[in-house]
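Input: a single structure, listed below in structure tokens.
Throughout, a chain's letter reflects where its sequence line sits, starting with A, and its residues are numbered from 1.
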Amino acid sequence: MIILTNHDIENKWQKKWAESQIFESDPDNREKIFLTVAYPYPSGAMHIGHGRTYTVPDVYARFKRMQGYNVLFPMGWHVTGAPVIGIAKRIARKDQWTLDIYKNVHKVPEEEISKFTDPEYIVKYFSSEYHQVMQRLGYSIDWRREFRTTDPHYQKFIEWQFRQLESKGFVSKGEHPVKYCPGCENPVGDHDLLEGEGVGINELTLVKFEMDGDFFVAATFRPETLFGATNLWINPDEEYIKVDMHGENWIISKKSYYNLVHQKKGINVLEDVYAPGMIGKYVKNPLTCIEHIILPASFVDPEYASGVVYSVPAHAPADYIALKDLKENEEILERYKLKEKVQKIQPINVVTLKGFGKFPAAEIIEKFGVKNQQDEKLKDATNELYKLEHAKGIMSNHIEDYKDLSVQKARDEIINYLLESDKGDLMHDFAEKPVICRCGTKAVVKILEDQWFLKYSDDKWKKLAMNCLEQENIIPPEVRANFEYYIGWLDDWACSRRTGLGTKLPWDKQWLIEPLSDSTIYMAYYAIAKYMKDIDSDKLDDSFFSDVYLNAGSYSGDIDHELFNEIKNEFDYWYPLNWRLSAKDLVGNHLSFHIFHHSAIFPEDKWPKGIVVFGMGLLEGHKMSSSKGNVILLEDAIKTHGADVVRLFLMASAEPWQDFDWREKELKGIKRRIEWFSEFVERIAEISDSSISLKSLELGEIQKSINKWLLSQVNMRIKDATEALEGFQTRKALQEALFLFKKDIDHYFHRIEHELENHEAREEISITLIYVLSNWIRLMTPFTPHTCEEMWNKIEGEGFVSCAQWPEYEPDLIDEKVLKAEEIVQGLANDIKEIKKITDRQPEKIHVYIAPNWKLKVFEIAKEVGRPDIGQIMGRSIKLNLHDDKKEIADFAKKIAREVTKTKYVGKIDEYSIIRDSLDFLSHELGAEVIVYEDPTYDPQNKSRNAMPYKPAIYIE
RNA sequence: GCAGGGAUGGUCGAGCGGUCAAAGGCGCUAGGUUGAGGGCCUAGUGGGUGAGUCCCUUCGCGGGUUCGAAUCCCGUUCCCUGCACCA
């Protein structure tokens, strides 16, 4: 048995593979397969979730290599991006949370952590750690092509890529809202946040309500409801200010200025505004020109948007309830002398919503049981109505210009109108608050100007991408629809960043190219990466890349001509990419960009051929997350379980696109299985009385039915496992190649147990088993390469099993009748057991009767008829005069009519000899003497009449 | 809301028109092995019947197509994932 946690064996083979360079792939005359998996962003240690991602391509690469393909499986490091910058800063700041994570979750030694103040060091540290772990898992990667995305050569490549896109008109300039920390003076990502992870940014419409030449600027998500405005709300307990906005005076809350100043250029504070003094004054609605009174409301959040809200009590639950509260609040009405004015205010309907009356806000408040404007449930009520009206609302009839339009349409038109006529503006705010940076500062929404975009909205480009997608294989096929959807939906993408590691935008060096954009066509870089260490990056210019990748014939530099041609041919050989593997949450961006960029830059014959999408990893049923400490590092998993067990578990517990769940308990089961597998060699050696060698294996003519059965079964497994692997179904492949395979062998051992005494039988058994073993080891090699090399070596297989030929299934060895025969024997044993159980007695003799020939004929006729048509079956049988006793034919026809459609009929089987050959087994199994009759010479209870084809009759006594 | 996926036995998870009371794992029960335990091996694991290889109920819920449906169609309820500047 091979001790799986004996890392010497793993190391031994890893070293041998590296020494013999069997995974280093260069162009030759074989057919090629080029597959890549998303290169990792090494900002932390590799955990078991990553393990699955990178094991799948390794298994496939190994499988294809054994099938005789020239397979290229490379790896690189995506060190582009901002997260490590933040990490380095936090480490420098001695942020305890960050230090804990790196010390305890990523298990970085103390002396290393101290160097983590340098972001470059972090990615270097982890990329070399990734490299080591990948080697320890036995990945068949061509390491000569390893690179980091900050290598100068790669940057040259990215610059070329972006100039290509730019020259095709797929890059444009604009502005873009981002999360921003005024404290750090930097945009912030989710990983930089203390609070507010995953919070979105919303666009709000600002509406200017005039008052004596100044403007109260109210913010809204629903400008179409302006027609239903009844008043303005401000919060009199908060501070308001007047600001200068390009010559206009705006009145907003003081706190909202904090946010807005990052979004509006040239906005300046003029003076404080005494909020209570504004209550009761009137402003003018820019759309309807109606005058609205300014009223006090406590629900108005001065930090949200502009701190000014206009009120639509018919459709906004908050407004409705605030108005109701106010009407009942004598004290406030008295304080501001509002009583009569407020009592007059009635909701105004704007939107017609099926199933609701004129004032849906009132109904929804009722439904949710909202008590006042402080009620928690108010938010839910608002959301519900917002959704409903957005989806199904129609503008009401009395609104001249917009009647009968859907709410969505009317909203867009009204926003446009407000902007064009300068009666409104736009601003952004977070969907939820608070959003707080790790430095403790409240984050804001900032508008970045001069931002560069990739124009995924471009119809020409979308069309190219669609065409590219169409010719690709997508696994699993269901996600194709997702791709189509995303390609259609993608809008312009901000592709430049202020901070992070990466490549500068070649024509605007103040910007860095964002990480999802510099990782779209890099697979093409692998093809040439192995040459790069010998070439000075200064020699790489656009003419070089255009010539290598696009055959532009443009290269004019001084790289040796022969070398240059070799590089060019190498790319030509490996491209197009056969398979791209990545996680399912990247379908909407990374993988779609990959399609976009390839279709834009490369000619059609270099477009990628296939995509495989992965599911996520769970740990004992919970989502894995480094930041929550809920991970198991691969290194630890390898240490405790061994590389092959880890690989096997990751491949066997779920298909790649399904979520897998790492469960210690199930891991143990897997381990036992593979131990059993590795012990198999010894078991065979025991049976064949000598050590095994593949050198002398010759299958020859197999006589015994049970041996033939095993060969059939094994060949079916080979066939199914191969088909499964072709489609990346690692779980199914293992189901066939390991679990069911083992089951077959268990059954086989059970069947032959009592025959091992017999010398002749034993010889054939051992030949059969060695044949099986040789196939089995090869079948398992992609999954558990170390164990398999060790076994292969032990039985004197030739060379590395990693380079051995993948077992090809032999149709000649699959004998349906043999399989059926075994089924009959097993069925018979089970039936007898059942009868024993029912009668609750241990028989001494069991008599078995085979169905007479005429029944078989009737059976065949029934099979031909194909449906339970008793009349026809009977008619045809009688006509052929199959049997003298017509009544018996009728009974039998009736009996089998339904049965026959269910039975897989493989033709006449010599049931008598099959059972006679299995008598030893049956007697042994049942603990009684078993006698089989071709003709019922002894049948005291006339049981033989029950015999059917494939189902002998039984009499026990 | 939009898009995609799903609902199967104690549980995880196959199956996607007949061979389905439904693979396989885990769990549980019994027997064997063992000094004990673990591990391993064997059998069982919806209900009934109790001399016959059968019958009944079951694959979210309700209808339908078919000789036949877990599988196809229609409706319905519930669940999960994504919706962006984050790699």
What integer number of Å spans the [atom1] atoms of [N] and [M]?
| N | M | atom1 | result |
| --- | --- | --- | --- |
| B/U11 | B/U66 | P | 36 Å |
| B/G6 | B/C16 | P | 14 Å |
| B/G10 | B/A23 | P | 14 Å |
| B/G32 | B/G38 | P | 14 Å |
| B/G9 | B/G62 | C1' | 22 Å |
| B/C56 | B/G68 | P | 15 Å |
| B/C59 | B/G15 | C1' | 10 Å |

Looking for any heavy atom pair under 4.0 Å, which part of the strands does [X] touch: base, sugar-phosphate only, or nothing?
| X | answer |
| --- | --- |
| A/His78 | sugar-phosphate |
| A/Leu828 | nothing |
| A/Ser519 | nothing |
| A/Pro476 | nothing |
| A/Asn482 | sugar-phosphate |
| A/Leu516 | base |
| A/Lys743 | sugar-phosphate |
| A/Asp661 | nothing |
| A/Lys742 | sugar-phosphate |
| A/Arg673 | sugar-phosphate |

Taking only the side-chain heavy atoms of [X] (C-beta and beyond), determine which of [options] contains the nearest atom.
| X | options | value |
| --- | --- | --- |
| A/Asn589 | B/G24, B/C86, B/C83 | B/C86 |
| A/Ala953 | B/A87, B/U53, B/A84 | B/U53 |
| A/Ala82 | B/A87, B/A51, B/A23 | B/A87 |
| A/Arg497 | B/A23, B/A87, B/C85 | B/C85 |
| A/His176 | B/A14, B/C85, B/A51 | B/C85 |
| A/Pro83 | B/U53, B/A87, B/A84 | B/A87 |

Gap separating the CG atom of A/Asp450 from the CD atom of A/Glu175, nearest 0.5 angstrom: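 It is 9.5 Å, given to the nearest 0.5 Å.
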
Given that both distances must come in under 3.5 Å, which nucleotide forms a Watson-Crick or G-U wobble pair with [N]?
| N | value |
| --- | --- |
| B/A51 | none |
| B/A30 | B/U42 |
| B/U19 | none |
| B/U58 | none |
| B/G1 | B/C83 |
| B/U11 | B/G25 |

Quick one: is the NZ or CZ of A/Arg498 closer than 6.0 Å to the six-membered ring centre of A/Trp511, and within 45° of its axis?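 Positive - A/Arg498 is close enough to the ring of A/Trp511 and near enough to its axis.
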
Find the distance [X]:[atom1] to [N]:[atom2] and express it as a whole number of Å.
| X | N | atom1 | atom2 | value |
| --- | --- | --- | --- | --- |
| A/Leu667 | B/C26 | CG | P | 12 Å |
| A/Gln658 | B/G5 | CD | P | 15 Å |
| A/Met716 | B/A23 | CE | C1' | 13 Å |

Distance-minimising heavy-atom pair for [X] and [Y]:
| X | Y | value |
| --- | --- | --- |
| A/Asp492 | A/Tyr456 | OD1-N, 3.6 Å |
| A/Glu655 | A/Phe728 | OE1-O, 4.2 Å |
| A/His594 | A/Thr520 | CD2-O, 3.2 Å |

Is it true that A/His747 and A/Glu822 share a donor-acceptor pair across their side chains at a distance under 3.5 Å? yes

